[in-house]
Novice: 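Provided herewith is a single structure, encoded as structure tokens, for subsequent inquiry.
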Amino acid sequence: MTSVAEKSRVGTAETPPPRTARRASAWVRRAPLLPALVFMIIVTQLPFVATLVISFMDWNAYYPDERGFAGFDNFARVFTDVNMRDAVWTTILLTVGVVLISLLLGLGIALLLDRKFRGRGAVRTMMIAPFLVVPVAAALIWKHALYNPEYGLFNGALTWIWGLFGSDNPPQPDWISNMPLWAVIFSLVWQWTPFMMLILLAGLQGRPLDVIEAARIDGANSWQIFRSMTLPHLRQYLELGALLGSIYIVQNFDAVFTITSGGLGTANLPYTIYQIFYQAHDYGRASAAAVIVVIGTIAIATFALRTVSSLFKEEAGR
């Protein structure tokens, strides 16, 4: 027979801990994260709150005596400003161009690197290198080492190619002046293609190889397998790459500032906000434009998080 003490111990083990003990245990687990949370709030949320407050003020450094509450006037000026509308259109063109070209190149490179060959690890490491370059340094490389009309690599290659055909007068275009927006797009594509390649390569390595092998046995060729099996499998990875790339390209400032200084129709939203804040010193209107950009970025990030969560659910269901 079980003794009274044993019954007491069993009952105690089966009884759930009181609510106070559960709360204390939860706080013990969360306490190490509190300093990081406080630091994150101070660094990110307080400046955003200050920007939000300033966006409702009429605050221009050139007119310090006229500072006051402006309501939604700054937001109205942002939406009715011709330069701001041009910046929105430039931002859309820049983002769509970089994301689409990077996705296509990343998909092609991922398909090549998914094959087995000698030195595959070294090639993968070298392909990632452009993404690790500091953005300003990458823009300077493209501006001076590649685009420069006097000593740039592109015009040097044209001189060499024309020399093979016996021509002494090769074309020497000024790449930035002739195609300013494409000059910025190409520099960003070079930097963001490795990012897309990594995401898509991870998706390729998660394919059900037994199903693909069965399709080959049934007579399906490589194009049919890619179109009917590989591409549908990569759909969510393509969406994830496009959404994450859009979040970062929308906020890009370094390439525009370094390569064109916002001239020749390349001023995107971040650069236009920089001009309004640091050159026009219109703090209220610049803050309103920044709030609008943040809201748009949050909307894109929400779609990205939904895509990531659906990917995790798919992986867990397998």
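Nothing fancy with the numbering, it's 1 onward along the sequence.
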Novice: Are Leu112 and Leu234 linked, directly or through other ILVMFWY residues, by side chains that come within less than 4.5 angstrom of each other?
Specialist: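 Shared cluster, no.
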
Novice: Considering all heavy atoms of both residues, which atom of Leu113 and which atom of Met127 are nearest to each other, and what is their separation?
Specialist: CD1-CG, 4.1 Å

Novice: Between Phe186 and Trp175, is the gap from one ring center to the other below 6.0 Å?
Specialist: no

Novice: Stepwise, does the side chain to side chain contact (heavy atoms under 4.5 Å, CB included) test hold for Leu238 with Leu231?
Specialist: CA-CA 9 Å; Leu238 290 167; Leu231 205 56; 4.2 Å; yes

Novice: Start with the C-alpha distance between Phe277 and Asp282, add both sets of side-chain angles, then the distance that settles side chain to side chain contact (heavy atoms under 4.5 Å, CB included), and finish with yes or no.
Specialist: CA-CA 5 Å; Phe277 194 94; Asp282 193 343; over 6 Å; no

Novice: When rounded to the nearest 0.5 angstrom, what is the spacing between CD1 in Ile41 and CG in Leu34?
Specialist: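 Nearest 0.5 Å value for the CD1-CG distance: 9.5 Å.
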
Novice: On a heavy-atom basis, which atom in Asn74 and which in Ser55 lie closest, and how many Å separate them?
Specialist: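 Heavy atoms of Asn74 and Ser55 come nearest at ND2-O, 2.8 Å.
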
Novice: So, does Thr266 use its side chain to make a donor-acceptor pair with the main chain of Gly263 at under 3.5 Å?
Specialist: yes

Novice: With rounding to the nearest 0.5 Å, note down the distance linking CG in Asp254 to CD1 in Ile259.
Specialist: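 These two atoms lie 10.0 Å from each other.
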
Novice: As an exercise, state the distance from CD1 of Ile185 to CD1 of Ile249, rounded to the nearest 0.5 Å.
Specialist: 10.0 Å

Novice: Specify whether Tyr274 and Tyr271 have parallel, tilted or perpendicular ring planes, treating 30° as the upper limit for parallel and 60° as the lower limit for perpendicular.
Specialist: tilted

Novice: With no hydrogens and no angle check, is any side-chain donor or acceptor of Gln251 less than 3.5 Å from a backbone partner on Tyr248?
Specialist: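 Answer holds: no.
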
Novice: In terms of hydrophobic clusters joined by side-chain contacts under 4.5 Å, are Leu153 and Val133 together?
Specialist: yes

Novice: Shortest non-hydrogen contact from Phe165 to Ile161?
Specialist: CD1-O, 3.1 Å

Novice: Under 3.5 Å, which donor-acceptor pairs link side chains of residues 85-92 to any protein atom two or more places apart or in another chain?
Specialist:
from: Arg85; atom 1: NH1; to: Thr80; atom 2: O; distance (Å): 3.3
from: Thr90; atom 1: OG1; to: Asp86; atom 2: O; distance (Å): 2.9
from: Thr91; atom 1: OG1; to: Ala87; atom 2: O; distance (Å): 2.7
from: Thr91; atom 1: OG1; to: Leu269; atom 2: N; distance (Å): 2.9

Novice: Measure the spacing between CG of Asn178 and CG of Leu264 and express it to the nearest 0.5 Å.
Specialist: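 These two atoms lie 10.0 Å from each other.
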
Novice: Would you say Val38 ends up clustered with Leu46 if hydrophobic residues are merged whenever their side chains have heavy atoms under 4.5 Å apart, either directly or through other cluster members?
Specialist: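 Yes; tracing contacts between hydrophobic side chains, which count when under 4.5 Å, links both residues.
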
Novice: What verdict does the side chain to side chain contact (heavy atoms under 4.5 Å, CB included) test give for Thr95 and Asn268, after you've listed the backbone C-alpha separation in whole Å, the side-chain angles of each residue and the deciding distance to 0.1 Å?
Specialist: CA-CA 10 Å; Thr95 304; Asn268 60 348; over 6 Å; no

Novice: Looking at Phe75 and Ala288, what are the two nearest heavy atoms and their distance?
Specialist: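 So the minimum-distance heavy-atom pair works out to CE2-O, 3.8 Å.
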
Novice: Is the number of heavy atoms from other residues, nucleotides or ligands within 6.0 Å of CZ (Phe154) greater than 12?
Specialist: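 More than 12 heavy atoms, drawn from other residues, nucleotides or ligands, come within 6.0 Å of this atom.
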
Novice: Please report the shortest heavy-atom distance between Gly203 and His233, naming the atom on each side.
Specialist: O-NE2, 2.9 Å

Novice: When rounded to the nearest 0.5 angstrom, what distance separates CG in Leu200 from CG in Asp114?
Specialist: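 So the gap between those two atoms works out to 11.0 Å.
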
Novice: Provide the closest heavy-atom pair for Phe226 versus Pro232 in the form atom of the first, atom of the second, distance.
Specialist: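 The answer is O-CD, 4.3 Å.
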
Novice: Is there a side chain to side chain contact (heavy atoms under 4.5 Å, CB included) between Asn83 and Gln275 once you walk through the steps?
Specialist: CA-CA 11 Å; Asn83 294 327; Gln275 286 181 313; over 6 Å; no

Novice: Under 4.5 Å side-chain heavy-atom separation, chaining through any Ile, Leu, Val, Met, Phe, Trp or Tyr, what else clusters with Tyr63? Say none if it is isolated.
Specialist: Tyr62

Novice: Quick test of your reading: applying side-chain hydrogen bond (donor to acceptor under 3.5 Å, both in side chains), list the pairs with at least one residue in residues 130-149, sequence neighbours left out, ordered by first then second residue.
Specialist: Asn148-Tyr151

Novice: Give a yes or no on whether Phe69 atom CZ has more than 12 heavy-atom contacts from other residues, nucleotides or ligands under 6.0 Å away.
Specialist: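 For Phe69, atom CZ is crowded (more than 12 foreign heavy atoms under 6.0 Å).
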
Novice: Pair Arg285, Asp81 - check salt bridge (Lys or Arg N to Asp or Glu O under 4.0 Å), show working.
Specialist: CA-CA 11 Å; Arg285 188 156 59 99; Asp81 187 7; 3.1 Å; yes

Novice: Any donor and acceptor pair, going by atom type alone, linking the side chain of Gln191 with main-chain N or O of Ser187 inside 3.5 Å?
Specialist: no

Novice: Just how far is it from atom CD1 of Ile128 to atom CG of Leu132, taken to the nearest 0.5 Å?
Specialist: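 Rounded to the nearest 0.5 Å, the CD1-CG separation comes out at 7.0 Å.
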
